[in-house]
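First comes the structure, then the notes that go with it.
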There are 2 protein chains.
Amino acid sequence: MCENFPVASYHHGNLRAALIDTSLKLIEEKGVRALTLREIGTRAGVSRTAAYRHFTNKADLLAAISEAGFKEFGDALEAARQQAIDSPLEAMAVAYVRFASQHSAHYEVMFEDSSVPGGEYAVRAFNILEETVRQGQKAGQIRPGDSIQLARLLWSLVHGISTLRLDPDPTNFTIFCAEVLRTGLANHSA
Amino acid sequence: MCENFPVASYHHGNLRAALIDTSLKLIEEKGVRALTLREIGTRAGVSRTAAYRHFTNKADLLAAISEAGFKEFGDALEAARQQAIDSPLEAMAVAYVRFASQHSAHYEVMFEDSSVPGGEYAVRAFNILEETVRQGQKAGQIRPGDSIQLARLLWSLVHGISTLRLDPDPTNFTIFCAEVLRTGLANHSA
DNA sequence: ACCTGAACACCGTTCAAGT
DNA sequence: ACCTGAACACCGTTCAAGT
């Protein structure tokens, strides 16, 4: 991070990164809806229109933030999939919810439009989910069936957990949800 | 609905309802973020500041829309619970997703802030979910355990399905999800 | 009581001008 | 190339004034 660099350093070509950095901090503080280009400029030590040298407009800035977020997101999911051998689905779910919780500014921008983004990194991130389902099916851990539909179910669940935040401990709640989803909501002793 | 009434009728005390009606239409067309008080006024045939006679500000208008939405929402969930005897959980899930799909403007406003609303009607709506879980547990259909946590799982899932809309047929996808959730994601034949 | 129109402080965006 | 400051067309909100 470069928040303590002198203002002069922004004039050497890293203003773009500084603007994104500043934006993420402002989003964390007040939410995306309160984000203004003018305040970003002021906080970054440049004029209110300096951002237009690096982004065509505000939407373009947000798109850049979203793309960077999906890249990190995919890396986190990929790491979770490779590490967990016994229960990759639970590991993925936890990694998903943890990312949304710890990178709330990124996550907010990524799913701002309430429509699924179609960017390269977004597609990659969600392909990882589906691959995990197929992997589990091959290993005999997950029921057979349309892996895309099963991945959509999983994705909907972790997205709902992440945006609704009904439980104060997201990780613990996600582990609980993964267990119930795995074994089923039905009463097996009946 | 009163969309075809003469403009003069708005001056007889029903401007408040007309403003909410107009807002919902504008939200359906362009989304909440593009909603402006000025356009609401113009579309309703009054001045750009007429709304301030009925709402303290824009946030208050949105709060009124949200509250009315949660009231209708609760009615829909309650009706679904009372009708379905054999699988109340699936009926609730379908009713939830169908409401979000058919009342997208209302739903968008209701969950705009990405934080759970605490209003009277919102609490009522989600108590119905939990009651359904307890009901299913008493009937021996649903596994025992903390009904609040199980309701939170269900709620997260249907909210995720509603906001992400990964499947073109929300109702059909919800029935699929309810079946998987009921019987479990694990491979039972292994 | 209810509505209007001008006014104020914001915002995104453009553009001529500076280095 | 990169940044600035004035300017324009929008917003939400306030308020004195009209009926």
Side-chain angles (χ1 to χ4, degrees), chain A residues 2-3 5-67 105 108-109 112-113, chain B residues 2-3 5-67 105 108-109 112-113:
Chain A
C2 48
E3 32 287 48
F5 273 41
V7 169
S9 70
Y10 292 155
H11 295 245
H12 287 65
N14 55 354
L15 179 56
R16 186 191 155 94
L19 289 171
I20 290 180
D21 234 50
T22 304
S23 299
L24 287 169
K25 272 175 214 149
L26 286 171
I27 292 166
E28 262 169 30
E29 290 173 24
K30 314 179 190 179
V32 220
R33 276 158 61 205
L35 189 71
T36 71
L37 286 179
R38 292 158 119 93
E39 192 172 5
I40 296 169
T42 305
R43 277 276 274 264
V46 292
S47 85
R48 310 175 292 202
T49 58
Y52 287 91
R53 289 296 114 202
H54 300 276
F55 306 97
T56 62
N57 52 26
K58 192 183 180 182
D60 187 45
L61 204 195
L62 288 171
I65 293 174
S66 176
E67 199 193 4
E108 209 179 327
V109 176
E112 200 192 3
D113 310 329
Chain B
C2 47
E3 40 271 61
F5 273 40
V7 170
S9 70
Y10 293 155
H11 295 246
H12 288 65
N14 57 351
L15 178 55
R16 186 190 155 96
L19 290 171
I20 290 181
D21 235 49
T22 306
S23 299
L24 287 170
K25 271 176 215 149
L26 286 171
I27 292 167
E28 261 169 31
E29 290 173 21
K30 315 180 189 176
V32 219
R33 276 159 59 203
L35 188 72
T36 70
L37 287 178
R38 291 157 120 95
E39 194 173 5
I40 295 169
T42 305
R43 276 277 272 266
V46 292
S47 85
R48 310 176 293 204
T49 57
Y52 287 92
R53 290 294 113 204
H54 299 277
F55 306 97
T56 62
N57 52 27
K58 192 183 180 182
D60 187 46
L61 204 193
L62 289 171
I65 292 174
S66 176
E67 199 193 4
E108 209 179 327
V109 176
E112 200 192 4
D113 310 330

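Letters A, B, ... mirror the listed sequences (proteins, then strands); counts begin at 1. Treat the numbers as computed from the prediction; the structure is a model and nothing was measured.
Within the shown strands, C/dT4 is the pairing partner of D/dA16 under the Watson-Crick or G-U definition, both distances less than 3.5 Å. Across all strands shown, D/dA9 remains unpaired; no Watson-Crick or G-U wobble contact has both distances below 3.5 Å.
When all heavy atoms of B/Val109 and B/Val32 are compared, the pair lying nearest together is CG2-CG1, 4.0 Å. Taking every heavy atom of both residues into account, A/Ala50 and A/Val46 meet most closely at CB-CG2, 3.6 Å. Across B/Ala64 and B/Arg16, no two heavy atoms sit closer than the pair CB-NH2, 3.8 Å.
In this entry the distance linking CZ of B/Phe55 with P of D/dT14 reads 15 Å, nearest Å. The CZ atom of B/Arg53 sits 13 Å away from the C1' atom of C/dG5 (whole-angstrom rounding). Between the C1' atom of C/dG5 and the CZ atom of B/Arg48 lies a distance of 8 Å, rounded to the nearest Å. Distance B/Tyr52 OH to C/dC8 P: 17 Å, rounded to the nearest Å.
Taken residue by residue, residues 56-67 of chain A places no heavy atom nearer than 4.0 Å to DNA chain D. Against DNA chain C, the stretch residues 28-40 of chain B makes no heavy-atom approach under 4.0 Å.
B/Leu62 is listed as a side-chain neighbour of B/Leu35, based on a closest heavy-atom distance under 4.5 Å. Side-chain contact between B/Tyr52 and B/Leu37 is present, with heavy atoms from C-beta onward closer than 4.5 Å. Taking 4.5 Å as the limit, every side-chain heavy atom of B/Leu15 sits out of range of all side-chain heavy atoms of B/Arg53.
The line from CZ of B/Arg43 to CG of B/Leu26 is 4.5 Å long, rounded to the nearest 0.5 Å.
Between the B/Asn57 side chain and the B/Asp60 main chain, a donor and an acceptor come within less than 3.5 Å of each other.
Taking 4.0 Å as the cut-off between side-chain N and carboxylate O, B/Glu108 and B/Arg33 do not count as a salt-bridged pair.
For C/dG12, the base has no donor-acceptor partner in the side chain of A/Thr49 [N/O atoms by modelled type, under 3.5 angstrom].
The side chain of A/His54 places no N or O atom within less than 4.0 Å of a non-bridging phosphate oxygen (OP1 or OP2) of D/dC2.
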